[in-house]
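All residue numbers in this chain count up from 1 along the given sequence. On a predicted model such as this, the values are computed, not experimentally measured, just so you know.
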Amino acid sequence: QVQLVESGGGLVQAGGSLRLSCLASGRTFGAYAMDWFLPAPGKEREFAAAISRSGSNTEYADSVKGRFTVSRDNDKNTAYLQMNSLKPEDTAVYYCAAIETPFPNYYLTKESNFDSWGQGTQVTVSS
């Protein structure tokens, strides 16, 4: 199993930026597609962003398009979520998730059979 540790959250003012990191260990990071999620009480977690194994394929929720950028560095076993133009409604605990796949261009956009989840990192945006 792969283990994920998130970092980079914090308190920022509206319009500010943060970069979240998700460090993986235990298995080959390059074998996993990576996602970022927000909690959604009473239902599955809300999708924010995804990136394929290759890093060439990405997808974003409509609420973050144009403001967030997901990336990865397989040599450092780390996925990133660059968060710009932050809004108070972005306030949440952000979780990274990994799913092993043989397909370099594959990714998920919903909570479904992920192999591992991070512990979450708190992002708070003040107005």
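The side-chain hydrogen bond (donor to acceptor under 3.5 Å, both in side chains) contacts involving residues 31-40 comprise nothing, where partners must be two or more places apart or lie in separate chains.
L4 is connected to Y94 through a chain of hydrophobic side-chain contacts under 4.5 Å among Ile, Leu, Val, Met, Phe, Trp and Tyr, so both are in one cluster. If you chain together hydrophobic residues whose side chains sit under 4.5 Å apart, F29 and I99 never meet in one group.
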Side-chain atoms of residues 76-83: list all donor-acceptor pairs with protein atoms under 3.5 Å, sequence neighbours left out, distances to 0.1 Å.
residue, atom, partner, partner atom, Å
T78, OG1, K76, O, 2.9
Q82, NE2, N84, OD1, 3.0

Just list the side-chain donor-acceptor pairs under 3.5 Å for residues 116-127, sequence neighbours left out, or say none.
residue, atom, partner, partner atom, Å
S116, OG, V2, O, 2.7
Q119, OE1, E6, N, 3.1
Q119, NE2, E6, O, 2.8
T121, OG1, G9, N, 3.1
Q122, NE2, A92, O, 3.4
Q122, NE2, T124, OG1, 3.3
S126, OG, V12, O, 3.4

Contacts under 3.5 angstrom, residues 100-115 side chains, donor-acceptor by atom type, not counting sequence neighbours:
residue, atom, partner, partner atom, Å
E100, OE1, R27, NH1, 3.4
E100, OE2, R27, NH2, 3.3
T101, OG1, F103, N, 3.1
Y107, OH, E59, OE1, 3.3
E111, OE1, R45, N, 2.7
D115, OD2, E100, N, 2.6

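The two residues L86 and R67 have their closest heavy-atom pair at CA-NH1, 3.9 Å. Closest heavy-atom contact between S17 and S85: OG-N, 4.3 Å.
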Margin query: Set out, in order, the CA-CA distance, both residues' side-chain angles and the distance that settles side chain to side chain contact (heavy atoms under 4.5 Å, CB included) for F47 and F37, then state yes or no.
Written below: CA-CA 5 Å; F47 168 77; F37 284 88; 4.0 Å; yes
Next item on the list: List the steps and the verdict of side chain to side chain contact (heavy atoms under 4.5 Å, CB included) for R53 and N74.
Entry: CA-CA 9 Å; R53 285 178 53 189; N74 289 352; 5.9 Å; no
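Every residue was checked against the salt bridge (Lys or Arg N to Asp or Glu O under 4.0 Å) condition with R19, not counting sequence neighbours, and none meets it. Annotation: salt bridge (Lys or Arg N to Asp or Glu O under 4.0 Å) contacts of D75 (sequence neighbours excluded): none.
Of the possible polar contacts, one joining the Y60 side chain to the V70 backbone as a donor-acceptor pair under 3.5 Å is found.
The structure places SG of C96 at 11.0 Å from CZ of R72, a figure rounded to the nearest 0.5 Å. Taken from CG in L38 to OG1 in T91, the straight-line distance is 10.0 Å, to the nearest 0.5 Å.
Other residues, nucleotides and ligands contribute at most 12 non-hydrogen atoms within 6.0 Å of the CD atom of Q13.
The existence of a salt bridge linking D90 and K87 is excluded, since no basic side-chain nitrogen approaches an acidic carboxylate oxygen closer than 4.0 Å.
Residues L18 and F68 form no side-chain contact, since every pair of their non-hydrogen atoms from C-beta on lies 4.5 Å or further apart.
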